[in-house]
2 protein chains.
Amino acid sequence: MIRILIAEDQSMILGALAAMLDMETDISVVARATNGNDALHLALEEKPDVVVTDIEMPGMSGLEFAAALREKQLAARVIIVTTFARPGYLRRALDAGVKGYLLKDAPAQQLAEAIRTIHRGGKVIAPELATEAWECSDPLNDRERRVLRLAGEGLSSAEIAKQLFLSEGTVRNYLSEAIGKLGAGNRVEAARIARQKGWL
Amino acid sequence: MIRILIAEDQSMILGALAAMLDMETDISVVARATNGNDALHLALEEKPDVVVTDIEMPGMSGLEFAAALREKQLAARVIIVTTFARPGYLRRALDAGVKGYLLKDAPAQQLAEAIRTIHRGGKVIAPELATEAWECSDPLNDRERRVLRLAGEGLSSAEIAKQLFLSEGTVRNYLSEAIGKLGAGNRVEAARIARQKGWL
DNA sequence: GCGCGCGCATGACATTCGTCACCATGCGCG
DNA sequence: CGCGCATGGTGACGAATGTCATGCGCGCGC
């Protein structure tokens with residue numbers, strides 16, 4: 001019997017996933033949490049074999065949770081289940097020692113399969129991401145990132161300059177670089193691309 | 001036995017919700033779809049008593065799906081289950097004759113309850129939204145909405161004009177109106193505001 | 001010291017955006 | 001019919017944006 005913990009911030013999804021996995025005869029949901037902090041405490045108490053966690057949760061994110069588990073020397077193996085097909089997320093997940101990364105777009109049955117595979121010591125990476133994670137890494141440096149983030153919110157160059165204590169011309173230069181690097185046509189498209197890749 | 005159809009674009013969530021609801025003795029999941037179009041066809045075939053649908057799905061959204069059901073004179077009662085606590089969504093849902101609006105943040109058990117309530121002819125609205133839905137209503141008309149949606153993706157006025165078969169000047173006019181109505185400083189901020197309110 | 005790269009700034013220029021006043025068409029309605 | 005009203009368009013103008021070439025200081029390696 002594989003003992004698992006589930007962490008997912010949306011209660012309804014948490015409940016549904018737990019119900020689905022509990023139907024498997026070889027899997028038992030021993031703990032559930034709606035944020036990373038609770039999840040960490042429960043993991044320390046229950047010592048689950050496998051941990052299934054979302055990434056975007058209030059407080060401690062799934063990635064931080066995974067890192068914390070590793071730091072505490074817990075044997076639990078981690079599967080990330082998330083909406084976001086962002087190479088940046090996958091890269092950070094793997095760095096945190098995560099053994100599985102699935103998308104919520106994947107068929108439901110795959111989750112149980114993945115849990116078994118990982119319990120046996122295997123790895124499961126969403127095929128959509130397996131290849132592209134390493135080939136195209138984040139081309140932005142962090143001044144470009146900062147500027148682009150604000151531009152994506154709709155701030156003007158002047159407002160961005162004021163917030164970051166730069167001149168307006170510099171802001172425009174950085175945006176221009178970012179737009180070039182991302183192959184975008186303007187600042188908004190650039191922000192969209194970067195966000196979608198998980199680079200913001 | 002309550003016969004239900006579930007529409008939800010993330011397969012894993014769809015599977016999990018279906019598994020959970022099928023465990024209820026008085027509920028039977030007779031159809032599932034990952035987009036509004038499939039859902040509509042299945043609804044016409046299966047004539048479910050209750051339809052559970054997400055809002056944000058590729059192709060036909062849950063709101064459009066609900067409107068289409070009403071238009072086809074189907075007796076099915078609709079429950080929206082979504083991540084987004086946006087007043088605009090709720091308002092449009094109610095306009096489409098939807099009987100329930102739940103958040104994925106709500107406890108899982110509430111979904112089955114809501115299905116029963118609605119099957120009996122009742123209504124269920126997420127309490128977080130019940131009050132605020134009516135106070136600030138959507139000031140946009142739908143040409144402004146269409147234009148703003150594309151502008152938020154980073155398209156230029158010229159590209160938007162081409163897509164919508166309008167002149168560039170007209171596009172700029174519509175954007176200008178939208179920016180004014182929303183109190184924004186530019187198109188990007190306007191798109192952000194509208195999106196966050198659920199008006200896009 | 002010298003050159004070099006890097007972070008930041010400036011100035012100039014063409015393009016795009018935001019605004020406004022105004023025109024044309026079409027449709028419902030008294 | 002004439003009228004208002006909604007829908008698209010035009011043209012013009014200033015402001016914001018995107019792009020480049022260039023300058024200037026500062027740390028770092030040699």
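So you know, we letter chains A, B, ... as the sequences are listed, proteins then strands, and number each from 1.
- Between the side chains of Arg187(A) and Ser176(A), no donor-acceptor pair is found at a separation under 3.5 Å.
- Ser11(B) places a side-chain N or O within donor-acceptor distance of the main-chain N or O of Asp105(A), the cut-off being under 3.5 Å.
- For the segment residues 160-177 of chain A, the set of residues with a heavy atom within less than 4.0 Å of an atom of DNA chain D comprises Arg172(A), Asn173(A), Ser176(A), in numerical order.
- Side-chain contact check for Ile55(B) versus Tyr101(B): some heavy-atom pair is nearer than 4.5 Å.
- Put simply, the side chain of Leu44(B) reaches to within 4.5 Å of the side chain of Lys72(B), judged on heavy atoms.
- Here the straight-line distance linking atom CG of Leu74(A) with atom CD of Glu46(A) works out to 12.0 Å at 0.5 Å rounding.
- Under 3.5 Å, the side chains of Thr83(A) and Gln10(B) contain a donor-acceptor pair of N or O atoms.
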Exercise for review: Apply salt bridge (charged side-chain N to carboxylate O under 4.0 Å, His left out) to Arg32(B) and Asp38(B), showing your working.
Suggested key: CA-CA 9 Å; Arg32(B) 31 174 108 180; Asp38(B) 292 0; over 6 Å; no
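- End-to-end axis angle of the helix from dG1(C)-dC30(D) to dG30(C)-dC1(D), using five pairs per end and rounding to 10°, comes to 20°.
- When each of Arg143(A), Arg145(A), Arg146(A) is checked for a side-chain hydrogen bond (donor to acceptor under 3.5 Å, both in side chains) with Tyr174(A), only Arg143(A) meets the rule.
- Checking side-chain atoms of Asp22(B) against main-chain N and O of Val29(B) turns up a donor-acceptor pair under 3.5 Å.
- Counting to the nearest Å, the P atom of dG18(C) and the NZ atom of Lys181(B) are 16 Å from each other.
- When the shell of 6.0 Å around NZ of Lys123(A) is examined, it contains 12 or fewer heavy atoms from other residues, nucleotides or ligands.
- Note that the first and last nucleotides of DNA chain D, 5' to 3', having any atom under 4.0 angstrom from a heavy atom of chain A are dT17(D) to dC20(D).
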